[in-house]
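See below for the structure under consideration.
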Amino acid sequence: MNDRHDVVIAGAGPAGAQCARDLATRGYDVVVLETEVEEEFPRQSNKSTAGTFPSMMSAFGIPDEVVMQYTDSVVLESPTDYFVKEQSGAVLEFADFKRFLVEEGQTAGAEYRFDSRVTAPITEGGEIVGVTYNGDEEVYGEIIIDATGPAAPLAKKLGVTDLKRENHAIGIEYEFEGIDIDRPGFADLHDAMMLRLDHEIAPGGYSWIFHTGEDTAKVGLCYIQNGSHDQYARDGFSIDDYLDHWVETDPRFRDATRFDEKQHRGSAHIQMPNKLHTDRFMAIGDTVPTVDPLWGEGINKCMQSGRMAAAAADSCLKHGNIEPTAENLEVYETLWHREVAPNMQNRLWMTKLLYLADNDRYDRLMRDLNRLGDDTLAKANRGNVRAISNLLGLEDVPLLAQFAKQEFGF
């Protein structure tokens, strides 16, 4: 078995698989190490709501065959109101989508080693040159990429990531049938992806219903385990308890049945990354913190980061005489901040402020959005300061003061 490669990638999620797909298409010798066994992939890592938009589908050549349902709108809900935005989208069958990316990479020439758990970097002269996996197995590469998600064994040991517990988001999702998709008093969720802001259901986070056809949908919630969650959480409630509470109290689920075999759990970190790369190494996908937990699009961000890392690796490897030092891989960080997470700090602040707001403020947000229209929401979600300010008023001064104290200590 060849144990020296151009690029070694840890993790076969959307980021790692897309990076491998791009690099193999360029003719590079790529090996991907994936923890799960091939016959069950991706049973354990099948954790995404898999909602996305046409821009991602076209940019990465994603086929219709992996789509569960195309959607026409995005709905935001508060406890007593809602806002509907006309927006084409797609809910993917995440397992089929991940297998598609792997098969595409393999067809292009990427090698996949399943049942291969990466444990640590191998370093020489202070630089990473390979990784160990499954205890004492070793593999070497000119460039090493960590796409393992929040576990981040390589990125952590190299000091690239510093993931904080207070920024850790956890999520759970089931697939249901028998849902009342067009319940009186609620928005019509036919062909829609709905996100709900309601601390009774997801304290310091949000919940969702993604229509997948007829009376079926993906239903779940997530929250960040920080001060916002602590402020609104119920004593002794786990994330499963919150989902059960929602299903038991929302009339749309009165006749619904969950598919227990279609349960998905996941996690991410919501914070500014300190850095994304070092000598011969890049961290991609959920290995670096996510920045847009409201609108989601985690798949797109992971895929984009994989593509940017592939471009950075190519910029060194294609010339043969350019060492993949931190300086020469700097292009990845530049591309990440420009293409994957523009206006990152503004968007992160907006997210934190949003989760500090109470349920009454969420109701007013829906009224504001219905008054201001689609453009305000789209611009605010991209971190536009003027659009964010248009959603704030004098009555938000106490909320802003609480945010400033939490964020800046005054």
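- For the pair Gln231/Gln402, a side-chain contact is recorded, criterion being any heavy-atom separation below 4.5 Å from C-beta on.
- In this structure, CG on Asp188 lies 8.5 Å from OH on Tyr82, to the nearest 0.5 angstrom.
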### Task
Test ring pair (Phe, Tyr, Trp, His ring centres under 6.0 Å) on Tyr223 and His229 and set out the steps.
CA-CA 7 Å; Tyr223 51 71; His229 172 73; 4.1 Å; yes
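- When only modelled atom types and interatomic distance are considered, His199 and Tyr355 share no side-chain donor-acceptor pair under 3.5 Å.
- Heavy atoms from other residues, nucleotides or ligands lying under 6.0 Å from NZ of Lys379 number 12 at most.
- A salt bridge does not link Lys318 to Asp6: none of the charged nitrogens lies less than 4.0 Å from a carboxylate oxygen.
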Which pairs of donor and acceptor atoms, one on a side chain in residues 11-21, lie under 3.5 Å apart (sequence neighbours left out)?
residue: Gln18; atom: OE1; partner: Arg21; partner atom: NH1; Å: 2.9
residue: Gln18; atom: NE2; partner: Asp22; partner atom: OD1; Å: 2.9
residue: Gln18; atom: NE2; partner: Asp22; partner atom: OD2; Å: 3.4
residue: Arg21; atom: NH1; partner: Phe60; partner atom: O; Å: 2.9
residue: Arg21; atom: NH2; partner: Phe60; partner atom: O; Å: 3.0
residue: Arg21; atom: NH2; partner: Glu104; partner atom: OE1; Å: 3.3

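- Heavy atoms only, all atoms of each residue included: Tyr332 and Ser305 are closest at CE1-O, 3.6 Å.
- His269 places no side-chain N or O within 3.5 Å of a backbone atom of Met272 that could act as its donor or acceptor partner.
- Between Val75 and Met193, the closest side-chain pair of non-hydrogen atoms is not below 4.5 Å.
- Counting only distance, with no hydrogens or angles, the side chain of Asp146 and the backbone of Ala155 share a donor-acceptor pair below 3.5 Å.
- Taking the side chain as every heavy atom from C-beta outward, Val74 and Phe53 approach each other to under 4.5 Å.
- Of all heavy-atom pairs between Gly236 and Asp241, the closest is O-OD2, 3.6 Å.
- For the pair Met344 and Gln271, the tightest heavy-atom approach, listed with the atom from each and the gap, is CE-O, 3.4 Å.
- Using a 4.5 Å heavy-atom cutoff, the side chains of Val84 and Glu86 are in contact.
- Contact of the Asp250 side chain with the Phe186 side chain is registered, since non-hydrogen atoms from C-beta on lie closer than 4.5 Å.
- Judged by distance alone, the side chains of Asn384 and Asn343 never bring a donor and an acceptor atom under 3.5 Å apart.
- A side chain to side chain donor-acceptor pair (under 3.5 Å) with Arg364 holds for exactly one of Asp81, Asp396, Asn359; it is Asp396.
- Pairs passing the salt bridge (Lys or Arg N to Asp or Glu O under 4.0 Å) check and including a residue from residues 319-333, sequence neighbours excluded, read Arg280-Glu323.
- Of the residues Tyr174, Phe210, Trp208, Phe253, the one that meets the side-chain contact (heavy atoms from CB on, under 4.5 Å) test with Val219 is Phe253.
- Taking all atoms of both residues into account, the shortest heavy-atom contact from Ile145 to Ala309 is CD1-CB, 4.4 Å.
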### Task
Output, in order, the C-alpha distance, side-chain angles, deciding distance and verdict of side chain to side chain contact (heavy atoms under 4.5 Å, CB included) for Leu391 and Leu365.
CA-CA 7 Å; Leu391 294 171; Leu365 174 62; 4.2 Å; yes
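- Looking only at side-chain heavy atoms (C-beta outward), Asp198 and Tyr362 stay at 4.5 Å or farther from each other.
- Residues passing the salt bridge (Lys or Arg N to Asp or Glu O under 4.0 Å) test with Asp314, sequence neighbours excluded: Arg26.
- Under a 3.5 Å cut-off, the side chain of Thr287 and the backbone N or O of Ala283 do not form any donor-acceptor pair.
- Between Phe176 and Phe259, the ring center distance fails the sub-6.0 Å criterion.
- Within the 4.5 Å cutoff, the side chain of Glu93 has no heavy atoms near those of the Thr212 side chain.
- For the salt bridge (Lys or Arg N to Asp or Glu O under 4.0 Å) condition, the pairs that include at least one residue of residues 58-79, sequence neighbours left out, are Glu77-Arg196, Glu77-Arg252.
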### Task
Please step through side chain to side chain contact (heavy atoms under 4.5 Å, CB included) for the pair Glu111 and His5, ending with a clear verdict.
CA-CA 10 Å; Glu111 177 189 348; His5 305 265; 3.5 Å; yes
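- With Phe237 as reference, Tyr242 is the one residue of Tyr242, Trp246, Tyr232 to meet the ring-ring contact (aromatic ring centres under 6.0 Å, His included) rule.
- With rounding to the nearest 0.5 angstrom, the OG atom of Ser78 is 8.0 Å from the CG atom of Leu197.
- Side-chain contact check for Val32 versus Val8: every heavy-atom pair is 4.5 Å or farther apart.
- Taking the ring centre of Tyr140 as origin, the terminal cationic atom of Arg4 falls inside the region bounded by 6.0 Å and 45° from the ring axis.
- Listed here is the closest heavy atom pair of Pro324 and Ile143: CB-CG1, 3.6 Å.
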### Task
Please step through salt bridge (Lys or Arg N to Asp or Glu O under 4.0 Å) for the pair Asp368 and Arg361, ending with a clear verdict.
CA-CA 10 Å; Asp368 290 342; Arg361 184 63 182 87; 3.8 Å; yes
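- The distance from the OG1 atom of Thr216 to the CD1 atom of Ile209 is 12.0 Å, given to the nearest 0.5 Å.
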### Task
Report the C-alpha separation of Leu33 and Val131 in whole Å, then their side-chain angles, then the decisive distance to 0.1 Å, and conclude whether the side chain to side chain contact (heavy atoms under 4.5 Å, CB included) test is met.
CA-CA 10 Å; Leu33 306 174; Val131 302; 3.7 Å; yes
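- In this structure, Arg117 CZ and Asp115 CG are separated by 9.0 Å, a value rounded to the nearest 0.5 Å.
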### Task
Give the C-alpha distance, both sets of side-chain angles, the deciding distance and a yes or no for side chain to side chain contact (heavy atoms under 4.5 Å, CB included) between Asp260 and Arg258.
CA-CA 6 Å; Asp260 286 335; Arg258 72 177 71 184; 3.1 Å; yes
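- To the nearest 0.5 Å, atoms CG (Asn328) and CG (Leu317) are separated by 11.0 Å.
- Judged by distance alone, with hydrogens and angles left aside, the side-chain atoms of Thr119 form a donor-acceptor pair with the main-chain N or O of Thr132 at under 3.5 Å.
- Residue-environment remark: CZ (Arg371) exceeds the threshold of 12 foreign heavy atoms within 6.0 Å.
- Checking Arg347 against Gln345 by side-chain atom types alone, no donor-acceptor pair falls below 3.5 Å.
- The stretch residues 128-139 participates, sequence neighbours left out, in no salt bridge (Lys or Arg N to Asp or Glu O under 4.0 Å) pair at all.
- Note that the SG atom of Cys302 and the CD1 atom of Ile284 stand 8.0 Å from one another [nearest 0.5 Å].
- A donor-acceptor pair under 3.5 Å links the side-chain atoms of His211 to the main chain of Asp191, judged by distance alone.
- Under the salt bridge (Lys or Arg N to Asp or Glu O under 4.0 Å) criterion, the residue pairs touching residues 401-410 are Lys352-Glu407, with sequence neighbours excluded.
- Across every non-hydrogen atom of Lys85 and Phe83, the tightest pair is CB-CE2, 3.9 Å.
- Using a cutoff of 4.0 Å between basic side-chain nitrogens and carboxylate oxygens, Glu200 and Arg234 are scored as salt-bridged.
- Under a 3.5 Å cut-off, the side chain of Arg265 and the backbone N or O of Gly171 do not form any donor-acceptor pair.
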